S.K.: 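Structure incoming, see below.
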Amino acid sequence: MRRAGTRRRFIAEGLRCEPRHRGQRESKKVNIYLDSKMTDEARRKRLYDGALFVYSPTPSALSLCQLARELTEQAFHPLHPTKLHESLPVERCAEVLAVLKPKFIHHPQSKDYIRGMLAELGCDLDNTYFDVPRLRSAFPGDYLRSGIAYAFHPHRDTWYSAPFCQINWWMPVYPIDSDNCMALHPNYWSVSVKNGSSAYNYDRWNRESRKNAASHIKTDTRVQPKAEEAMTLDPDVRLVCDVGGVYLFSAAQMHSTVPNTTGTTRYSIDFRTVHLTDVWSKYGAPNVDSACTGTTMRDYKRASDFTSLPEEAVALYLDGTET
Ligand SMILES: [Fe+2]
């Protein structure tokens, strides 16, 4: 653990962090497991209790990052993707990203590499389902923070209709620093935050907002669930792993994009998994403040053969708002 700048934060070095009290509220201990050999079942249980897991690069994870770098560098050639803000008009950058990101998401090798990663990190491929990998970019300063390169405010994915058994996987594509990565806010693991998730419906978002992302360049007018009260974001936890390294956290974990003050654009990959056993039993993290409608359950594909979840299992999560 070290102190960096004026913001108090925790950098993973194989430790048990204990953030200080937020006002009168209970302090939350955060367990961070490095290269843990525990079973996937035991790991999920701990993730649902707010723990974080960090893994060193595996062969398939490195291949996935290599694919992302190749596609990105081809798209922006001859400029280097991490320095676009120095010379490329932001409108042109958004245009290129609008083609590049779906190309990566749907690239046939992306799914194969994720399947490889899941196997290398102990997942049961017949019962683990994942959604498509996203390629994210976080530009320095105010160059591009909306739409196709949205800088995420503090949120839980469960405010966006993710199930409580969802696990998020996050990895850097180029080397990162503590000032251009992502922040986790585990002090809010069991602390509810007044938020706008009750106005969010997953089907409506897909119909009306997702495909328009690239048109939001200077501002982002899409309505998204946000905190509706002041939050204490300091201290936070920033897991600074190597390229191809990955960390796992529950969809109920509060997290946000770190304002990029480094002068180097951060590119990262994230995807999500659910385990069929937990889907059936509705086992997962506790819900402290999520009130959205709809479900992302139809997005996940089985790692072994890329088939969807059984319809009967998805039905457990339908609430009548789907179209
Ligand atoms: Fe998120």
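Computed from a prediction, not measured in an experiment: that's the story for all the values here. One-based numbering, in listed order, for ligands and for the atoms of each.
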S.K.: Take the Fe ion (ligand 1) and tell me which protein N, O or S atoms are nearer than 2.8 Å.
M.R.: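 Result, waters dropped: H155 NE2, D157 OD1, H255 NE2.
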
S.K.: Looking at Y317, is K282 sitting on its ring face, NZ or CZ under 6.0 Å from the six-membered ring centre and within 45 degrees of the normal?
M.R.: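 Here K282 passes the 6.0 Å and 45° test against Y317.
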
S.K.: Just wondering, more than 12 heavy atoms not from K103 lying within 6.0 Å of its NZ?
M.R.: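 Count not over threshold, so no.
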
S.K.: Would you please test D157 and N168 for side chain to side chain donor-acceptor pair (under 3.5 Å) and show each step?
M.R.: CA-CA 9 Å; D157 281 17; N168 292 17; 2.8 Å; yes

S.K.: State, without any angle test, whether S268 and R266 hold a side-chain donor-acceptor pair at a distance under 3.5 Å.
M.R.: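 Yes, because at least one side-chain N or O of S268 sits under 3.5 Å from a partner of the opposite role on R266.
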
S.K.: Between K111 and F306, is NZ or CZ placed under 6.0 angstrom from the six-membered ring centre and within 45° of the ring axis?
M.R.: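 Yes, a cation-pi geometry holds between K111 and F306.
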
S.K.: Check whether S60 reaches the backbone of I114 with its side chain - one donor and one acceptor, N or O, closer than 3.5 Å.
M.R.: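 No, because the side chain of S60 does not come within donor-acceptor range (under 3.5 Å) of the backbone of I114.
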
